[in-house]
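I have placed the structure first, in the form of structure tokens, so that the comments after it can refer back to it.
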Number of protein chains: 2
Amino acid sequence: MSSINLKRLSQELGLSISSVSKALRDSYEISAETKKRVLEMAEKLNYQPNPFASSLRRKKSQSIAVVIPEIANNYFALAINGIQTVAQQKGYHVLTYLTHENSKDQDSTIKHLQGGRVDGVLISLCSDTANSQQLTDLQSAGFPVVFFDRIPDSPGCPTVSTDDFDGGFKATEQLIKTGCKKIAYLRVAGYLSTTENRMRGYLAALDRYNIPQNPKLIIECSNDDEQNQEIIKKALKMRGRPDGILSSVEKLAISTYYACGEINLKIPRDVKVISFSCLRTASLLSPSLSTITPPAFEIGKEAASLLFRMIEKKMFGNRVEKTVIKSVLIERNSSRK
Amino acid sequence: MSSINLKRLSQELGLSISSVSKALRDSYEISAETKKRVLEMAEKLNYQPNPFASSLRRKKSQSIAVVIPEIANNYFALAINGIQTVAQQKGYHVLTYLTHENSKDQDSTIKHLQGGRVDGVLISLCSDTANSQQLTDLQSAGFPVVFFDRIPDSPGCPTVSTDDFDGGFKATEQLIKTGCKKIAYLRVAGYLSTTENRMRGYLAALDRYNIPQNPKLIIECSNDDEQNQEIIKKALKMRGRPDGILSSVEKLAISTYYACGEINLKIPRDVKVISFSCLRTASLLSPSLSTITPPAFEIGKEAASLLFRMIEKKMFGNRVEKTVIKSVLIERNSSRK
DNA sequence: CTGAAAGCGCTTACAG
DNA sequence: CTGAAAGCGCTTACAG
């Protein structure tokens, strides 16, 4: 925008373009005095370098992409906060892309990014991600990609996530200890390792306490809030209805609250609820919601730091980092006796 | 990243670079047959154009910036959702910058953006924005800037916001009608027109119902949640303490709930509460929170649309658009008799 | 309909 | 320490 470029600046100073460029980049080739003059003039004329010229020449975009399923979700909002904190400190720009839980959008986004618009990608997969050729291509081209939260299974991917199995196990254990015998696991569609691992933890806890597994209590939800509310209502009305609910994601817990309200079931008296969630207002809900809370801000920070290490090639050889940050279980009234 | 460029593509096809470029941009100068061949080869080799070369040449970044105070806030998360929806549809990229309510960060961000990295800026001002020379410079250079939610006073700025005065008035009226006589307005620091207008609505409602204004009931909060809780607690303990609270932003309502819990005041029995807020869980809180809810998603969409009209020069002359979208007042238990 | 050439605004290896 | 020149990968006015 600012029409001041190196050419104009160099004319103003009576120097060559190359000297001005070097002075601005603090090159050792330039005398201290010249640097000072250049810097002052740049300031005076409010010179802003053209980022595209620089990126084109240096083959570095100074940008990263964050690809997430949605943003109106406390987890992702907090994670982005962590990512931005690290990126802004590094002087990097952050491009955000929403996939709306749609693998087509996700693929086309990833495809676009191969043009070199960014130096690296942080991605939390959409729930219906099957086998993304685009992603595989991107990675096998040596492009830095870090997965966070919703991560794939394959061993070759650098990931930052929370201990999903452990969270699922402990949450289930909590419900069992308050007397629940029929615990419903609310899962989202798709087969991301995140959901799968949470479910494995749930199943392992049932085994550990000799509670028989019941496939009817594993309830698959969709991306539509209204529809989910109906699904949950139906589950809560069936014969042998659940006396405890473990929700794998925040929004299903909210749908559960609404569903219970509609069919007059009291939480925790009639059904106990616990959910993976970063809801700030968990303790203000009626009743307050027990949560397994992933440290979203830290996960974002960690993922971004890892990505920058990859971008800056500070990784040791081909080692693939798999960072796991523990979630915290906070017992509140929704799962009390 | 992908090392396939126009040169490589043209060699592969036995065509000149210019013809390939034109074919890819669907130029009328190129025959249908050649276009087909080019497109197929581009697909086959997974050609992705280098965005920087294109941006440099065309002086168009195909990107916009969103500058907001924070992201872990339902309002901004929803607004970004609206912005992204419009931008992705237009094939634009979205860069997000957080100012953390800090005018220095805001200024340095704006300064950076003058380099031409984006074609336009959507900004919601940080609370301590005084007189931003950077912003004035940007606008007077003819750079497209649209303000949303937290907007400045000056008539020359295109803005998309909610009817703050009206919201403040109606919320106050609601509290008065349920019997409140001492209504505290919780305001944030700084003098953005948003907060000011909400307060003017509040004051106008007091006047309208012949309730004397009391400066002690206008309580200035900070950006620190813990500190705010103390400030609110103190206000609730003073002689002639408030019997109603109008919170100008969501997070102060949450602090109010916590403050009341700590000093054993029952909402709405001892004090009634209403707040500007986009909290999804407002109706699940204990008690459910009465809100004036700005349509954040629509505001984001509208602001982005306006920005694109400016970028595409589809504006009529110098007309400055000031779009106002009404908020909805939803009465819930926190402000019931 | 196709192609040669200039140029967007930088950076950097090289010469002096 | 300074500068001339090439080139990053595109686009587009122009010539044929």
Side-chain angles (χ1 to χ4, degrees), chain A residues 1-39 41-42 45-63 91 93 112-119, chain B residues 1-39 41-42 45-63 91 93 112-119:
Chain A
M1 245 313 114
S2 111
S3 50
I4 307 290
N5 54 22
L6 278 188
K7 191 174 168 194
R8 173 78 198 288
L9 205 53
S10 65
Q11 284 167 346
E12 213 71 39
L13 286 156
L15 280 166
S16 72
I17 291 178
S18 19
S19 294
V20 175
S21 173
K22 285 176 197 162
L24 289 171
R25 315 201 100 240
D26 201 23
S27 158
Y28 67 96
E29 291 183 281
I30 304 293
S31 73
E33 198 193 352
T34 303
K35 280 182 189 167
K36 188 157 168 281
R37 273 184 64 216
V38 171
L39 256 12
M41 185 59 82
L45 298 184
N46 194 23
Y47 168 73
Q48 293 298 329
N50 181 312
F52 304 120
S54 172
S55 288
L56 177 60
R57 181 59 229 263
R58 306 180 71 205
K59 294 182 177 288
K60 281 211 64 190
S61 67
Q62 286 290 114
S63 304
H93 300 260
H112 258 299
L113 295 175
Q114 290 181 31
R117 188 176 287 276
V118 294
D119 297 338
Chain B
M1 246 310 116
S2 112
S3 52
I4 307 291
N5 53 22
L6 279 187
K7 192 174 166 192
R8 173 76 197 287
L9 205 53
S10 64
Q11 283 167 347
E12 214 71 40
L13 287 156
L15 280 167
S16 73
I17 292 178
S18 17
S19 294
V20 176
S21 173
K22 285 176 197 161
L24 290 170
R25 313 201 101 241
D26 200 23
S27 159
Y28 67 95
E29 291 183 279
I30 304 292
S31 72
E33 197 193 353
T34 303
K35 278 183 189 168
K36 187 156 168 284
R37 273 186 65 218
V38 171
L39 254 13
M41 184 60 82
L45 298 184
N46 193 24
Y47 168 72
Q48 292 299 328
N50 181 313
F52 303 120
S54 172
S55 288
L56 178 59
R57 182 56 229 264
R58 307 181 69 205
K59 293 178 178 292
K60 281 212 64 192
S61 67
Q62 286 290 114
S63 305
H93 299 260
H112 259 297
L113 294 176
Q114 290 180 30
R117 186 175 289 273
V118 294
D119 297 338

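Below, chain A is the first sequence line, B the second, and so on; all start at residue 1.
Between the P atom of dG7(C) and the CD1 atom of I17(A) lies a distance of 13 Å, rounded to the nearest Å. The NZ-C1' distance, from K59(A) to dG9(C), rounds to 16 Å in whole Å. The distance between atom NZ of K60(A) and atom C1' of dG9(D), rounded to the nearest whole Å, is 19 Å. In this structure, K22(B) atom NZ and dG16(D) atom P are separated by 14 Å, rounded to whole Å. If you take CZ of R25(B) and C1' of dT12(D), they are 10 Å apart, rounded to a whole angstrom. Regarding Q11(B), its CD atom lies at a distance of 15 Å from the C1' atom of dG3(C), rounded to whole Å. When rounded to the nearest whole Å, the span between CZ of R58(A) and P of dG9(C) equals 19 Å. One atom, CD of Q48(A), and another, P of dC8(C), lie 20 Å apart when rounded to the nearest Å.
In the model, S21(A) has no side-chain atom that pairs as donor or acceptor with a side-chain atom of S18(A) under 3.5 Å.
The nucleotide whose nearest atom lies closest to any side-chain atom of S16(B) is, among dT2(D), dG3(C), dC10(D), dG3(C). Comparing dT12(C), dG9(D), dG3(D) by their closest approach to the side chain of S19(A) singles out dG3(D). With dC14(C), dC14(D), dC10(C) as the choices, the nucleotide that has an atom nearest any side-chain atom of N5(A) turns out to be dC10(C). Closest contact between the side chain of S18(A) and the listed nucleotides dG9(C), dG3(C), dA5(D) involves dA5(D). Taking only side-chain atoms of A53(A), from C-beta outward, the nucleotide of dG9(C), dT2(C), dG9(D) with the closest atom is dG9(C). Nearest nucleotide to the side chain of L56(A), out of dG9(C), dC10(D), dA13(C): dG9(C).
Across all strands, T34(A) comes closer than 4.0 Å only to sugar-phosphate atoms, never to a base (heavy-atom distances). Using a 4.0 Å heavy-atom criterion, one finds that L15(A) contacts the sugar-phosphate atoms exclusively. Nucleic acid contact for S31(A): sugar-phosphate only, since backbone atoms but no base atoms lie under 4.0 Å from a heavy atom of the residue. Counting any heavy atom pair closer than 4.0 Å across all strands shown, K7(A) reaches no nucleic acid atom.
Under the Watson-Crick and G-U wobble criteria, each requiring two contacts below 3.5 Å, nucleotide dG3(D) is paired to dC14(C).
Phosphate proximity of dT12(D) to Y28(B): absent, as no side-chain N or O sits under 4.0 Å from OP1 or OP2.
Under the 4.5 Å side-chain criterion, counting only non-hydrogen atoms from C-beta, R117(B) is in contact with H93(A). Using a 4.5 Å cut-off on side-chain heavy atoms (C-beta onward), S19(A) and I30(A) make contact. Residues L15(A) and T34(A) form a side-chain contact, since some pair of their non-hydrogen atoms from C-beta on lies under 4.5 Å apart.
A salt bridge links E12(B) with R8(B); the closest basic N to acidic carboxylate O contact falls under 4.0 Å.
Of all non-hydrogen atoms in G116(B) and S61(B), the two that sit nearest each other are O-CB, 4.0 Å.
Remark on DNA chain D: of its neighbouring residues L6(B) and G14(A), the 5'-side contact belongs to G14(A), judged by nearest-heavy-atom nucleotide. Nearer to the 5' terminus of DNA chain D, by closest-nucleotide assignment, is the contact made by S54(B) (compared with the other of E29(B) and S54(B)).
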